[in-house]
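Atoms within each ligand, like the ligands themselves, are counted from 1 in listed order. Because the structure is predicted, anything quoted here is derived from the model rather than measured.
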Amino acid sequence: MKQDPALRVRFWGVRGSYPMPGPSTAGIGGNSSCVEVRSAEHTLIFDAGTGIIGLGRDLVRRPGAPEVSVFLSHLHHDHIEGLRFFAPVYSPEWRCQIYGFGNGAQSLQRILARLMSPRFFPVALAQLPARLNIHGLSPRARLRFGGAHPLVVAAHYSGAHPKVGVMLYRITCAGRSVVYATDVEAPRGGHDDVVKFAAGADVLIHDAQYTDDEYHGGHLNKAGWGHSTVRMAAEAARAAGVKELILYHHDPEHDDAEVRRLEKVARTIFPRSRAAFEGMELRLKPA
Ligand SMILES: [Zn+2]
Ligand SMILES: [Zn+2]
């Protein structure tokens, strides 16, 4: 059987901060951050919010090699809270690689082990049946996944998320590229790190959590919390010269109608903008 050489991107969780299930968010989806990027031979996952739970359930039923690589942007709860319920880690057949910014040897491993220590969770990290490897990435890492359709993941550690920083990822396969830039903030024109790192990409997946009012005023001013408004996301896309912008990491308090309204706001600045929703799939044919 001939393999499909396209790069596929599927959204499993599109919320920031915390999950928000319910009828008012059913169209966009209520799960926290998780995106799958798949080539003919490799399955990569970006972030492990609650969206990864449904993805895990799906993965263990798919044909193909029981192998997956999970890339964490950072360790805030909304990006790791689904990892403990990710089906492949409970299966001895599966090989799971987990990557994230590792400040010194073993630090990512230590933090994940703490997350699965008895006070927080009944199953310890070391007890998981899967073959699990945890890799701390350097600030400018580059990984190559070989085969007939090689795929490259470039990681770029940025200070665009206050206090802890965040890993930006750029995935390239057959001349097409997708940039994953969640949890980033820059009041005007896009964050320099994101604009440079995303230059010319086919798809930019960008934090778009707030409205202008939420960011600049209102009863709770959210400037400095580490997130973008949709306007900032659109400015970043324009400055980086990407082909398409996907608004991501939606605020859990924004219902379906509000996310659709914000999508229109983004389009006034960058016409090729779309709001991510659960189940949304992009297919990038080789260039
Ligand atoms: Zn987040
Ligand atoms: Zn965060």
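For the residue pair His149 / Glu41, a side-chain donor-acceptor distance below 3.5 Å is found, with atom types taken as modelled.
Of all N/O/S atoms in His249, NE2 sits nearest the Zn ion (ligand 1).
Sparse packing is recorded around CZ of Arg188, with 12 or fewer heavy atoms of other residues, nucleotides or ligands lying under 6.0 Å away.
Angle subtended at the Zn ion (ligand 2) by His76 ND1 and His161 NE2: 90°, rounded to 10 degrees.
Ring to ring, His227 and His250 are not that close: their centroids are 6.0 angstrom or more apart. Taking the six-membered ring wherever Trp is involved, the centroid distance between the rings of Phe11 and Phe277 does not fall below 6.0 Å.
Relative to the ring axis of Phe121, Arg84 places its NZ or CZ within 45° and under 6.0 Å from the centre.
Within the coordination shell of the Zn ion (ligand 2), defined by N, O or S atoms under 2.8 Å, His74 is present. In summary, an N, O or S atom of Asp183 is located under 2.8 Å from the Zn ion (ligand 2). Metal site remark for the Zn ion (ligand 1): His227 contributes no N, O or S atom at a distance under 2.8 Å. Within the coordination shell of the Zn ion (ligand 1), defined by N, O or S atoms under 2.8 Å, Asp78 is present.
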